[in-house]
Protein chains: 2
Amino acid sequence: MKISQRGLYALKALLHLAAAWGQGLVTTREIAEAERIPEKFLEAILAALKNARVVKSTRGRLGGYQLRRPPEEVVVADIIRLLDGPIAPFGDAAELVDRIRTEERHAGLFELFLEVRNAASAILDHTTLAALLDRDRRIYSKRALESGPSLQGRKLVTKRK
Amino acid sequence: MKISQRGLYALKALLHLAAAWGQGLVTTREIAEAERIPEKFLEAILAALKNARVVKSTRGRLGGYQLRRPPEEVVVADIIRLLDGPIAPFGDAAELVDRIRTEERHAGLFELFLEVRNAASAILDHTTLAALLDRDRRIYSKRALESGPSLQGRKLVTKRK
DNA sequence: GTATTTACCTATCGAGTCAGTAGGTTATTA
DNA sequence: TAATAACCTACTGACTCGATAGGTAAATAC
């Protein structure tokens, strides 16, 4: 599986919406600027996400986008499959299973590919937007601590004493 | 990572050469026919494999190809990297490490990608042509046993009694 | 020494994908 | 009614993928 720029943008946009969960609507422009995504390109991506019922929209003034379900219920693997196709190094899971059965000379090759896809799937299938957002925040605050302890940084350090 | 038709052909051709290891040279035509690979296309693939010193060749009459090293020493991950680029869902390992450091908003995303690439790499890096060939043979004989026990099949069954 | 066989080299091609861009239409609200 | 924001359609240039065509160079058989 290869994650395209489009797929990456989609995940970033969804993380943005996940961060804004429960706080109303967010416009494409807002996301585009914050996440450094070409606005018109983002429009197309959000259209796809809307079509797949990941996201919902309201139009006109004060319009915008929001997640359809809470961040804990949006799984990363689904988004990747939607934008960039199957999570497998060759074909998809069903095709691999089939070729393990039918290929008379090198079935082992497809067995191997299936193992790889299962390993990748295992990770991506149990990672949600909420989990990813958590990660982002953890890294962010760890960084604030390391490079130039700010007010917030100091407090944490002090607490650890 | 996505394995192309080209990459698949390369692996099949190498498995063919691995099976012929120690038995002299094999021509492109022979490989092309046995493995159902367009001959001219296979030529280009073998050229790349030769360039990368995976395979060596002799030309003229009685010419052909052979592996440069024993099948136990040829690792599948290297072949895939050669033909289809890095084994990572996004960029390569070095780029991912870099973006985990530099991305200020969504470093967690790249951490996740790195985990996926490590999982895939772990499998493909410790699989050699010899191991794959073994797999192929195991599946093949298991199949002979299941569907219509031939002479060879019967022997095995009888032994098990 | 000539014909055959095989690897090797160069160039080209049609189809498809990727990452956008452009320009307008419809709905909602101040 | 004007402004705003989602929505829709079409197009583009660059690139990749999976080949095909046609010839050159080297090694061997006869």
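Each chain gets a letter, A, B and so on, in the order the sequences are listed, and its residues count up from 1.
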Would you sort out whether B/Asp134 and B/Arg137 count as a salt bridge (charged side-chain N to carboxylate O under 4.0 Å, His left out), showing the intermediate values? CA-CA 5 Å; B/Asp134 244 50; B/Arg137 294 208 240 257; 5.2 Å; no

A/Glu39 atom CD is separated from C/dG23 atom P, nearest whole Å, by 15 Å

Starting at atom CD of B/Gln66, determine the distance to atom C1' of C/dT6, rounded to an integer number of angstrom. 15 Å

Nucleotide of C/dT29, C/dA19, D/dA19 approaching B/Tyr9 most closely (side-chain heavy atoms): D/dA19

Whether the side chain of B/Lys40 and the base of D/dG22 hold a donor-acceptor pair under 3.5 Å is what I'd like checked. yes

Tell me which of A/Arg6 and A/Arg59 sits closer to the 5' end of DNA chain C, going by the nucleotide each one is nearest to. A/Arg6

Should B/Lys50 be listed as having a side-chain N or O under 4.0 Å from OP1 or OP2 of C/dC8? yes

SB check B/Glu115 A/Arg135 (cutoff 4.0 Å): yes

Which residue, B/Arg61 or B/Tyr65, contacts DNA chain C at a nucleotide closer to its 5' end, judged by nearest heavy atom? B/Arg61

To the nearest angstrom, how far is A/Gln5 atom CD from C/dT21 atom P? 12 Å

Rounded at 0.5 Å granularity, tell me how far CD in A/Gln5 sits from CZ in B/Phe90. 5.5 Å

Separation of B/Lys2 atom NZ from D/dC17 atom P, in whole Å? 9 Å

Value in whole Å for how far the C1' atom of C/dC18 lies from CG of A/Leu8: 14 Å

Can you tell me if the side-chain N/O atoms of A/Ser57 get under 4.0 Å from OP1 or OP2 in D/dC7? yes

Side-chain atoms of A/Phe41 come closest, of C/dT21, D/dA19, C/dA30, to C/dT21

Could you tell me the separation between the CG atom of B/Leu46 and the P atom of C/dC9, rounded to a whole number of Å? 13 Å

Report yes if at least one side-chain N or O of A/Thr58 is closer than 4.0 Å to OP1 or OP2 of C/dT28; otherwise report no. no

Tell me: NZ of A/Lys56 to P of D/dA6, nearest whole Å? 16 Å

Any heavy-atom pair between the side chains of B/Leu11 and A/Phe113 that's under 4.5 Å? yes

Which of the following nucleotides, D/dA29, D/dA19, C/dC8, is nearest to the side chain of B/Glu43? C/dC8

Say whether B/Ser121 and B/Arg81, considering side chains only, have a donor N or O and an acceptor N or O under 3.5 Å apart. yes

Calculate the interatomic distance between A/Ile45 atom CD1 and C/dC18 atom C1'; express it in whole Å. 11 Å

Does A/Arg29 have a side-chain nitrogen or oxygen under 4.0 Å from the phosphate oxygens OP1 or OP2 of D/dA5? yes

